[in-house]
Amino acid sequence: MRNFGRILTAMVTPFNDDGSVNYSEAVKLAQYLVNNGSDGIVVAGSTGEAATLTNDEKVKLYATVLEAVGDRATIIAGTGSNVTRDSIELTKVAERIGVHGAMVVAPYYNKPPQEGFYQHFKAIADSTTLPLIVYNVPGRTSSNILPDTIARLAEIKNIVAVKEASGSLDQISEIIRITPSDFLVYSGDDVLTLPILAVGGNGVISVAAHIVGTRMQEMVTAFYDKDMAKAQALHLELLPFFRVIFVTTNPIPIKDAVNLIGIKAGPVRLPLIAPTVGETAQLKKVMQSLGVL
């Protein structure tokens, strides 16, 4: 599969008040996302609090979301960790479940050299037939996968995409320049979606699309329709929301936003904490200005 869609939402994981996973609400949220602009859903990624989910919880989430909306959207399983063998095993399980692809985050804490990144992702790719998305997010992993390494990984048949959250348009442009034309480059930052499209990217793996997915889809469609004025206007309209959902650590604000629109996303798990009153007030103000609350 070479086309996962243009707007993929990195879905939050709904929790009950006691901190257990709320699978029934995960179904409702997945259905809502697909009905409101999402071409696909990433399950148990960073925004889904993967770091505090057990593997059993992740696997059940993959299966639950796939059953709920897998006939209408691309379902991507977050299977990465900083232990290569664990990522391999989880990716194999995801493949057996039948998801459409897997997203594998750069190993965190280990800080591997570039050859370590290459060998890590190659080992995972060699273990599966699933199409894989490499996820580069230096702000969370403390290390950066450089463009030349992405280009080497793009030569591996089933490594088909990168989610680029380095925040560097220069780096992302270089990746697009030196990788094959059918290699997919997704923005990992909502605020850079339109700029990345402008230099040849393919779409976004989004946090904001939980709330403004339809308008983001309109923005991307306008870009491909060469209606740059409309695309720019939508980008600027959404800019305050792109910013406010990172007023504190993701996914604290976006989970708050999902709760505010009436979907029971529930709390975050420690060591994350609930938003402050001030943070919620900022979020509400922007959501009200956009007419989504």
Side-chain donor-acceptor pair present, [X], [Y], cut-off under 3.5 Å:
{"X": "Q114", "Y": "T149", "result": "yes"}
{"X": "T54", "Y": "D56", "result": "no"}
{"X": "S87", "Y": "S81", "result": "yes"}

Which heavy-atom pair separates [X] from [Y] by the least distance, and what is that distance?
{"X": "S127", "Y": "E95", "value": "O-OE1, 4.5 Å"}
{"X": "I273", "Y": "L270", "value": "CG2-CD2, 4.0 Å"}
{"X": "P131", "Y": "V160", "value": "CB-CG2, 3.8 Å"}
{"X": "A154", "Y": "T179", "value": "CB-CG2, 4.2 Å"}
{"X": "V34", "Y": "A73", "value": "CG2-CB, 3.6 Å"}
{"X": "I176", "Y": "G201", "value": "CD1-N, 3.5 Å"}

| Given the rule in the side-chain contact (heavy atoms from CB on, under 4.5 Å) test, do Q171 and N144 qualify, once you have shown the distances and angles that lead to the verdict? | CA-CA 10 Å; Q171 174 165 305; N144 184 27; 2.8 Å; yes

Ignoring hydrogens and geometry, is there a side-chain-to-backbone donor-acceptor pair from [X] to [Y] under 3.5 Å?
{"X": "R269", "Y": "G19", "result": "yes"}
{"X": "H210", "Y": "V12", "result": "yes"}
{"X": "N259", "Y": "G266", "result": "yes"}
{"X": "T221", "Y": "Q217", "result": "yes"}
{"X": "T280", "Y": "V277", "result": "no"}
{"X": "D190", "Y": "S206", "result": "no"}
{"X": "S187", "Y": "V204", "result": "no"}
{"X": "N82", "Y": "Y109", "result": "no"}
{"X": "N55", "Y": "L90", "result": "no"}
{"X": "N202", "Y": "V185", "result": "yes"}

Are side-chain heavy atoms of [X] and [Y] found at a separation under 4.5 Å?
{"X": "H120", "Y": "P112", "result": "no"}
{"X": "P275", "Y": "L283", "result": "no"}
{"X": "T214", "Y": "E218", "result": "yes"}
{"X": "P251", "Y": "E49", "result": "yes"}
{"X": "I156", "Y": "Y118", "result": "yes"}
{"X": "Y23", "Y": "E57", "result": "yes"}
{"X": "F183", "Y": "I150", "result": "yes"}
{"X": "N158", "Y": "T129", "result": "no"}

Could you state the interatomic distance from [atom1] ([X]) to [atom2] ([Y]), rounded to the nearest 0.5 Å?
{"X": "N136", "Y": "T141", "atom1": "CG", "atom2": "OG1", "value": "6.5 Å"}
{"X": "F117", "Y": "R152", "atom1": "CZ", "atom2": "CZ", "value": "12.5 Å"}
{"X": "L192", "Y": "S166", "atom1": "CG", "atom2": "OG", "value": "8.5 Å"}
{"X": "N22", "Y": "T64", "atom1": "CG", "atom2": "OG1", "value": "10.5 Å"}
{"X": "M216", "Y": "T9", "atom1": "CE", "atom2": "OG1", "value": "8.0 Å"}
{"X": "I211", "Y": "N36", "atom1": "CD1", "atom2": "CG", "value": "9.5 Å"}

Do other residues, nucleotides or ligands put more than 12 heavy atoms under 6.0 Å from [X] [atom1]?
{"X": "D126", "atom1": "CG", "answer": "yes"}
{"X": "D170", "atom1": "CG", "answer": "no"}
{"X": "E67", "atom1": "CD", "answer": "no"}
{"X": "R72", "atom1": "CZ", "answer": "yes"}

Any link between [X] and [Y] through a network of hydrophobic side chains (Ile, Leu, Val, Met, Phe, Trp, Tyr) touching at under 4.5 Å?
{"X": "V27", "Y": "V43", "answer": "no"}
{"X": "Y32", "Y": "V21", "answer": "yes"}
{"X": "L290", "Y": "I263", "answer": "yes"}
{"X": "F15", "Y": "I252", "answer": "no"}
{"X": "Y108", "Y": "L146", "answer": "no"}

| request: Go through the steps to decide whether E25 and L29 satisfy the test side-chain contact (heavy atoms from CB on, under 4.5 Å), and finish with yes or no. | output: CA-CA 6 Å; E25 208 65 20; L29 177 56; 5.8 Å; no

| message | Working note: M11 + T47, criterion side-chain contact (heavy atoms from CB on, under 4.5 Å); need CA distance, chi angles, decisive distance, verdict. | response | CA-CA 6 Å; M11 192 179 85; T47 305; over 6 Å; no

| request: Taking the six-membered ring of Y135 (Phe, Tyr or Trp), confirm whether the NZ or CZ of K163 is under 6.0 Å from its centre and within 45° of its axis. | output: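 Verdict for Y135: a cation-pi partner in K163.
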
| message | Working note: I76 + V99, criterion side-chain contact (heavy atoms from CB on, under 4.5 Å); need CA distance, chi angles, decisive distance, verdict. | response | CA-CA 6 Å; I76 307 296; V99 298; over 6 Å; no

| query | Can E115 and K122 be counted as an ion pair, charged N to O under 4.0 angstrom? | reply |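 No, this pair does not count.
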
| So, are R177 and E174 salt-bridged, with charged N and O less than 4.0 Å apart? |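 Looking at E174 together with R177, the answer is yes, because their closest N to O distance falls below 4.0 Å.
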
All N/O donor-acceptor pairs, side-chain side in residues 223-249, below 3.5 Å, sequence neighbours left out:
from: D227; atom 1: OD1; to: K230; atom 2: N; distance (Å): 3.2
from: E237; atom 1: OE2; to: R215; atom 2: NH1; distance (Å): 2.5

| Option from V162, V134, L132, I133 for which side chain to side chain contact (heavy atoms under 4.5 Å, CB included) with M103 holds |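 Of V162, V134, L132, I133, side chain to side chain contact (heavy atoms under 4.5 Å, CB included) with M103 is met by I133 alone.
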
